[in-house]
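Read through the structure below, which is laid out as C-alpha cells, and then see the notes.
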Amino acid sequence: MRRRAALAGLLLLTGCASGPSLETQGEVTEAPGDSKHLTIGSAGFTESDLLATMYGLLLNEAGYKTSMLTVANRELYEPALESGQIDVVAEYAATFADWLNAKTNGADAPAVGSPDLKATMTALRKLAAPRGLTVLDPGRAVDQNAFAVTGAYARQHDLKTLSDLGRSGLEVRLAAGDECVQRPYCEPGLRKTYGIDVTGVDPKGVGTTQAKRAVQNGQDQMVLTTTTDATLDEFGLVLLADDKHLQNADYIVPVVNRSRAGSKGVTGALDRLNDVLTTADLASMNQQVDSWRRLPEDVGRTYLEDKGLLK
C-alpha cells in the first residue's frame with residue numbers, strides 16, 4: 001500500500017462531490033461502485049492508522065490499488081468521504097451516528113447512539129445513506145469509554161465489574177475530563193446505573209498519563225480511559241467491566257463511499273478483518289505502536305499474516 005501524507009489544502013467544498021446533492025438527499029440514487037483505485041482515510045492517531053493500514057492491505061490482497069490520506073478530524077474527513085476524495089474510513093458506530101445526527105438535525109437533536117448496537121446501527125445507516133455512504137457490518141472490536149483501577153485495589157476489594165464497585169460502598173475519586181460531571185456515561189451514569197459513590201472528579205483528562213499516575217499513586221481511585229488503552233499495564237491498572245452497559249456501542253465499522261467503494265468486493269475484503277479482530281487484539285496492536293515504537297504498517301501486516309488473511 002502506498003502511503004500518502006495529509007493534504008493541507010484538501011478541497012472539501014468544491015462542486016466535484018460524487019455523493020447525493022441536497023436536492024436528492026434522502027434517496028439512494030447511486031449504484032454501488034467498484035473503483036479499483038481507493039483512498040483509505042486515517043484520522044491520524046495510532047488506532048486509526050492501524051485500521052487504515054489493515055484495510056489497505058486487505059483491499060490490495062483483493063486486487064485493489066490503495067493509498068492512505070491522513071485527515072486529522074471528522075469535520076474534514078467526513079465531507080471528503082461524501083465527495084469521494086476518501087473512499088473508506090474506520091469509524092465508531094455510536095459516535096459517528098451522533099455526529100451525523102447533529103450534522104443533519106442540529107446540535108440539540110436527541111442522541112441516537114446508545115448501548116444498543118442494533119438500534120445504533122439502524123440509526124447510523126439511516127443517516128449515512130442519504131449522504132452516499134454505506135456503513136458495513138460491525139465486527140467484534142469496540143473502542144468505548146471504560147474505567148480502570150489499580151490491580152492492587154481490585155484485588156483488595158474483590159472488584160471485577162463496575163457493579164462490584166457500586167456494591168462495595170467505597171468512596172471513589174475519579175480522574176477524568178472536566179466534562180465528566182455532566183456526561184451521562186460518566187459521573188451521573190456511574191451514580192445512577194451502578195450506585196458508585198463518586199466523591200469528586202479530578203480533571204486530568206481522559207486516559208492521560210497524568211490521570212493514570214493519579215490513580216497509580218492513590219490520589220484518585222479510578223480513571224476514565226478506553227477499552228483499547230495500550231498502556232494500562234505500565235501503570236498497574238485493570239479495567240472494570242461495564243456489566244450493565246452504561247457506555248454507547250462504539251463498535252468499529254468500516255464506512256465507504258457507495259458510488260466508489262460500495263461493491264461486494266470491497267465489503268468482502270473488509271469483512272475478513274471483522275471476522276477476527278477483537279478489542280484485545282486492537283489494544284495489543286496499539287501497545288506495540290505506542291509503547292514498543294513499532295510502525296503501524298509492520299504491526300498491521302504481522303497481525304493479518306498471523307490470522308491467515310494475507311498470503
Side-chain angles (χ1 to χ4, degrees), residues 1-19 30-92 96 128 131-136 139 141 143 252-274 277 282 285-286 288-290 293-305 307 309-311:
M1 182 175 63
R2 301 189 308 277
R3 187 176 181 89
R4 184 168 65 185
L7 299 181
L10 190 64
L11 301 177
L12 300 176
L13 301 178
T14 66
C16 64
S18 61
E30 295 279 358
D34 194 28
S35 173
K36 297 303 180 183
H37 295 77
L38 299 174
T39 300
I40 317 298
S42 169
F45 57 93
T46 296
E47 188 167 289
S48 188
D49 281 347
L50 280 164
L51 290 165
T53 294
M54 290 189 289
Y55 285 3
L57 290 168
L58 288 170
L59 288 167
N60 292 161
E61 187 83 354
Y64 296 88
K65 293 183 179 180
T66 64
S67 57
M68 188 192 297
L69 179 61
T70 300
V71 184
N73 61 67
R74 191 174 281 114
E75 287 78 7
L76 292 176
Y77 73 67
E78 189 279 330
L81 186 61
E82 287 188 35
S83 72
Q85 291 169 293
I86 292 174
D87 301 305
V88 183
V89 72
E91 263 293 357
Y92 302 89
F96 196 44
R131 298 182 176 278
L133 306 179
T134 296
V135 182
L136 306 188
D143 185 354
I252 293 166
V253 290
V255 183
V256 304
N257 179 289
R258 175 182 169 87
S259 66
R260 288 183 49 82
S263 68
K264 291 182 180 179
V266 171
T267 299
L270 299 182
D271 277 349
R272 298 177 69 207
L273 181 60
N274 275 351
L277 183 66
L282 196 51
M285 285 190 280
N286 284 337
Q288 292 175 57
V289 175
D290 290 337
R293 303 305 179 192
R294 294 187 64 196
L295 294 175
E297 293 87 344
D298 295 338
V299 174
R301 180 180 291 278
T302 298
Y303 178 81
L304 295 177
E305 289 174 348
K307 295 296 182 180
L309 300 183
L310 292 182
K311 295 177 182 178

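Counting from 1, the numbers follow the sequence of the chain as shown. Side-chain atoms are counted along with the backbone in the values below, which use heavy atoms only and exclude waters and symmetry mates.
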Pairing residues for K311 by the side-chain contact (heavy atoms from CB on, under 4.5 Å) criterion, not counting sequence neighbours | E61

Given the options T53, L57, L295, R301 meets side-chain contact (heavy atoms from CB on, under 4.5 Å) only with L57

Reference residue M285; test side-chain contact (heavy atoms from CB on, under 4.5 Å); the match among R294, E47, M54 |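 Of the listed options, the one satisfying the test is M54.
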
Are the side chain of [X] and the backbone of [Y] linked by a donor-acceptor contact shorter than 3.5 Å?
X: R260; Y: H37; answer: yes
X: N257; Y: L81; answer: yes
X: R272; Y: L58; answer: no
X: S83; Y: A80; answer: yes

Could you pull out the closest heavy-atom pair between [X] and [Y], with the gap in Å?
X: E91; Y: V255; value: CB-CG2, 3.8 Å
X: T70; Y: G44; value: CG2-CA, 3.7 Å
X: P32; Y: G262; value: CB-O, 3.3 Å
X: A261; Y: L38; value: CB-CD2, 4.0 Å
X: A52; Y: G41; value: CB-O, 3.7 Å

Could you verify whether a donor N or O on one side chain and an acceptor N or O on the other, from Q288 and Y303, lie under 3.5 Å apart?
->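 Per modelled atom types, Q288 and Y303 side chains form no pair under 3.5 Å.
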
Evaluate the side chain to side chain contact (heavy atoms under 4.5 Å, CB included) criterion for residues L304 and L273: first the C-alpha distance (whole Å), next the side-chain angles of each, then the deciding distance (0.1 Å), finally the verdict.
-> CA-CA 8 Å; L304 295 177; L273 181 60; 3.9 Å; yes

Take V253 and F96, measure what side chain to side chain contact (heavy atoms under 4.5 Å, CB included) needs, and give me the verdict at the end.
-> CA-CA 10 Å; V253 290; F96 196 44; 5.8 Å; no

Can you tell me how far apart [atom1] ([X]) and [atom2] ([Y]) are? Round to the nearest 0.5 Å.
X: S48; Y: Y92; atom1: OG; atom2: OH; value: 6.0 Å
X: L133; Y: S259; atom1: CG; atom2: OG; value: 9.5 Å
X: L69; Y: T39; atom1: CG; atom2: OG1; value: 6.5 Å
X: L51; Y: F45; atom1: CG; atom2: CZ; value: 8.0 Å

Name all residues meeting the salt bridge (Lys or Arg N to Asp or Glu O under 4.0 Å) criterion together with E78; count only those two or more places apart in sequence or in a different chain, and write none if there are none.
->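 Applying salt bridge (Lys or Arg N to Asp or Glu O under 4.0 Å) to E78 gives K103.
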
side-chain hydrogen bond (donor to acceptor under 3.5 Å, both in side chains) involving N274 - partner list, sequence neighbours excluded |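 Not a single residue meets the side-chain hydrogen bond (donor to acceptor under 3.5 Å, both in side chains) criterion with N274.
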
Looking at side-chain heavy atoms only, is the closest gap between [X] and [Y] below 4.5 Å?
X: T66; Y: V88; value: no
X: I252; Y: L282; value: yes
X: S263; Y: Y64; value: yes
X: L59; Y: I40; value: yes

K36 atom NZ, neighbour heavy-atom count above 12 within 6.0 Å = yes

